[in-house]
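Quick note on labels: first sequence line is chain A, next is B, and so on, each numbered from 1.
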Amino acid sequence: MTASMPTAPDIAIRATGLTKSFKDAAVLRGVDLQVRRGEIFALLGSNGAGKTTTVNILSTLLAPDAGAAVVGGFDTAREPERVRETISLTGQFAAVDVILTGRENLVLVARLRGVPDPARVADDLLRRFGLHEAGDRRVGTWSGGMTRRLDIAMSLVGSPAVIFLDEPTTGLDPEGRREVWRTITELAGAGTTILLTTQYLEEAEHLADRIAVLHQGTILAEGTLAELKALLPPAEIEYVERQPTLEQVFLAVIGRRSHTPGRTPGSSSSGADEEVRP
Amino acid sequence: MKTLQDTRYLFGRSMRHIQRSPDTIITVAIVPIALMLLFVYVFGGAIQAGTDDYVDYMLPGILLIAIASGISYTAVRIFTDTQAGIIARLHSMPVSRSAVLWAHVLTSQFSNAISVVVIVGVALLMGFRSSADVLAWLAVAGLLMLFTLVLTWLAVIRGLTASTIDGASAFAYPLIFLPFISSAFVPTDTMPTPVRVFAEHQPVTAIVDSIRALLDGRPVGSEIWVALAWCVGVGLVAYAFAMRAYRRTP
């Protein structure tokens, strides 16, 4: 029904009625979602909710059993090549070649994408992601956070309009997670549409313009954080003594500043903060 | 055009892997060389193969063993790429799907060719001599490459479908063993009937006999057609299954 509906120019991703089963297990039971151009859209769900399957269908890796998806104005089933020119996918595990150097990984992707001057593109991205010094070492010798940053950098080659990030921070330490968050925010600031999946509520809350809650293959709720909060009973104001979280302590001890505005690790340890509780 | 270019870039990538871990080639060559030393200098004197120089007799079989063990690395490379999500990343990019696979197939051909050349070099040092002319040598090279291609498609199936890295590499063991139950090291005449029937009707015997005849500068008989029929037949079936497995790979 909606598959033939014209895609509005400000919609970057539109999925209608996606279903997918593997053998007898129904993973998606009718997923509908719309992502606007330039926004960060978080698909929030626990393990097995169908996040990766949704992303794989949207990035043309899987065909849905039913339903349709339009990405960047192209139908994923009818024009997968055009979709692939528009998107890039950063999968759940860093898909980098550990035997090659960081630079060689980037140059390879640039060549395959047919980007002019692959060497310069690789050099720019290495600098931008703070990987310049390590750039000529084999990726196998890098830390997890650096590898993930390279993974994301590889997705930026050729400046795709839509980027899929499947659990971009799973398995990263807090520091690495914050680096990835910063990168994602910068990208969206530059106009890239980002669909990310996450199982961390905090991550969706911190990053996303809009959030969809995916549970057992269907979208249970969708909207901005404020809209989602409005679904719950009205908030009441409570005063609680606020202890620093272990994460804040950790970041303070290793000398990093927390990125949450107004909550520097040292200051909130003794004071009482106002907190909104449902 | 795009497919050729993509294949070239991805082939360059896997060749760089081989350059950086030359052990994949050394390991592939070392076992056949050890076998060759063992058979020539330990068992060789006692084996009645009907030739003056036993190294000439057993070299074809040794080369097939080298190729059979070499392709397990092809399976491992494909398995690793699948597990690491590299295949998925390439499939989500505007990259020709067939280029992703053909780059691995070419790498397999190339790395096995290097192992074969190294082993022939060692055989020359051990006294291997051939009266074959250029054409016969080309025919030998062609047969070995065809054999590599057939086993490579088997390796592709394994690389795409295995669930562990050991599973990806272990499938080569029966293939490595196949030359022992063939005419590769001893004439089949002395084998007990069931073994002999198997040995005479399995592909390795036909391939070994063809290569041996070509290297001896003798005319090749019907065995070359049997060898080619085996290779083309198994190759096509393996290719069909490999492509089916590949279509299911996201």
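- Remark: F171(B) CZ is packed, more than 12 non-hydrogen atoms of other residues, nucleotides or ligands lying under 6.0 Å away.
- In this structure, V109(A) and M93(B) approach most closely via the heavy-atom pair CG1-CE, 3.9 Å.
- Applying the side-chain hydrogen bond (donor to acceptor under 3.5 Å, both in side chains) rule to R89(B) yields the partners D151(A), S155(A); only residues at least two apart in sequence or on another chain are considered.
- Within a 6.0 Å sphere centred on CZ of F241(B), other residues, nucleotides and ligands contribute 12 heavy atoms or fewer.
- For the atom pair I99(A) CD1 and R77(B) CZ, the distance stands at 9.0 Å (nearest 0.5 Å).
- Between I86(B) and V96(A), the closest heavy-atom pair is CD1-O, 3.5 Å.
- Here E104(A) pairs with R20(B) in a salt bridge; the nearest charged N to carboxylate O distance falls below 4.0 Å.
- For a residue to count as touching a neighbouring chain, one of its non-hydrogen atoms must lie under 4.5 Å from one of that chain's; by this rule R82(A) does not touch chain B.
- The CZ atom of R13(B) sits 13.5 Å away from the CZ atom of R111(A) when rounded to the nearest 0.5 Å.
- The structure places CG of L90(B) at 11.0 Å from CG of L89(A), a figure rounded to the nearest 0.5 Å.
- In terms of heavy-atom proximity, E85(A) sits nearest to P94(B) at CG-CB, 3.7 Å.
- Heavy atoms only, all atoms of each residue included: Y9(B) and L108(A) are closest at O-CD1, 3.7 Å.
- Atoms CG and OG, on L58(A) and S92(B) in that order, are 12.0 Å from each other to the nearest 0.5 Å.
- Looking at A94(A), the atoms closer than 4.5 Å to chain B (heavy atoms on both sides) all sit in the backbone: N, CA, C or O.
- Contacts between V107(A) and chain B at a heavy-atom distance below 4.5 Å are absent for every atom of the residue.
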